[in-house]
Amino acid sequence: MFFLRRTETRRTAMSHAAHSAPDEQPLFSMGFLLRTMAAIAVLAVLTVVISIGGRWFGRHISLAGNTDSTVEIMLAIGRDTVKFPENAIRFPSQRHEGAAERVDLYLAWPEMQGYGKENHLRFDDVAQSSGLIFLQVTQSTMSRDMSGRLEPIYSHLLEGPAEPFRNRLTLHRLRADAGYGDEVLLTAPVEGGPNYVVRCILPSAPDKAASGDCQRDIKVGRDLSVLYRFSSSHLDDWEHIDAAIRTFVETRLVNRSATTPSNAPRTAK
């Protein structure tokens, strides 16, 4: 009897201990592990996306609207069709094919090339923008270009004696009431063609020259007017710039052999 009571007592104690001890559970449930692994996978994907997106965004921020693509864009302007590389077209909104009223270009001088890795500082850094030439190509609205307007228009707006400038250029002062502000007229003879004519706002000192303080327009193709601006610091290269601008546009005319005027002035000597 005593033995039976001890055995029953032991069973009762073990039963109480079993019911009083907490249930043994795994430290992490399977659901928790799956959620954790999913979160890690999402974070890894986000890291890759941010890395790639950051490089893309950083590249586009550094380009600031420029592009180094040399894909040619074909544009119909008036009676002419021209094709220019994307990296020479100044505004992103104009980098699409089709009919256009105008196209704005910018080119590094003297290479006559658009934006690229080798010359990007001239496009990105305002302090170096004097190394650029800016062009605006439109359909002609006047029968004469700037050289052709010298005698019928500009000659009646001059005052004071002509002054020798440099590199065969002659400076002419414009009347205060002519509407040209502080601009002066510079001319030079061109063998076999009309005089070279350009309007400039000359700086008070050479280091104060702006990136586009001289401007001139020429006729190219059937009916194109090419207005271009450049820094007065490059006036010594006026004849080379004029010839380079004409060549740049003429060689990009479609069927240019049939559209290039035969009376285009030759380069000055």
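Keep in mind that the numbers below use all heavy atoms, side chains included, and drop hydrogens, waters and symmetry copies. On a predicted model such as this, the values are computed, not experimentally measured, just so you know.
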*Please state whether the rings of Phe123 and Tyr106 are parallel, tilted or perpendicular, taking 30° and 60° as the class boundaries.*
perpendicular
*Between Leu235 and Arg166, which heavy-atom pair has the shortest distance, and what is it?*
CB-NH2, 3.8 Å
*Would you kindly check if the NZ (Lys) or CZ (Arg) of Arg95 is within the cone defined by 45 degrees around the ring axis of Phe91 and under 6.0 Å from the six-membered ring centre?*
no
*With the side chain counted from C-beta on, respond yes when Leu158 and Leu174 share a heavy-atom pair under 4.5 Å apart, and no when they do not.*
yes
*Using only heavy-atom distances, determine whether the side chains of Ser233 and Ser231 contain a donor-acceptor pair under 3.5 Å.*
yes
*If every non-hydrogen atom of Glu101 is compared with every non-hydrogen atom of Ile77, which pair is closest and at what distance?*
O-CG2, 3.8 Å
*Working to the nearest 0.5 Å, report the span between CD1 of Ile89 and CG of Asp104.*
10.0 Å
*What residues, two or more places apart in sequence or in another chain, satisfy salt bridge (charged side-chain N to carboxylate O under 4.0 Å, His left out) together with Glu86?*
none
_Rounded distance [0.5 Å steps], CD in Glu97 versus CG in Leu75_ = 7.5 Å
_For Ser129 versus Phe134, what's the shortest heavy-atom pair and its separation?_
O-CE1, 4.5 Å
*Is there side-chain contact between Gln136 and Tyr228, with at least one heavy-atom pair below 4.5 Å?*
no
_For Val220, the option from Asp145, Ile245, Leu253 that meets side chain to side chain contact (heavy atoms under 4.5 Å, CB included)_ = Leu253
*With a cutoff of under 4.5 Å between side-chain heavy atoms, which Ile, Leu, Val, Met, Phe, Trp and Tyr residues group with Met142?*
none
*asked:* What I'd like to find out is whether the side chain of Ser232 reaches to under 4.5 Å of the side chain of Pro203, using heavy atoms alone.
replied: yes
*For the pair Asp242 (side chain) and Glu239 (backbone), establish whether a donor and an acceptor sit closer than 3.5 Å, ignoring hydrogens and angles.*
no
*Does anything in residues 165-196 pair up under ring-ring contact (aromatic ring centres under 6.0 Å, His included), and if so which pairs, sequence neighbours excluded?*
Tyr196-Trp238
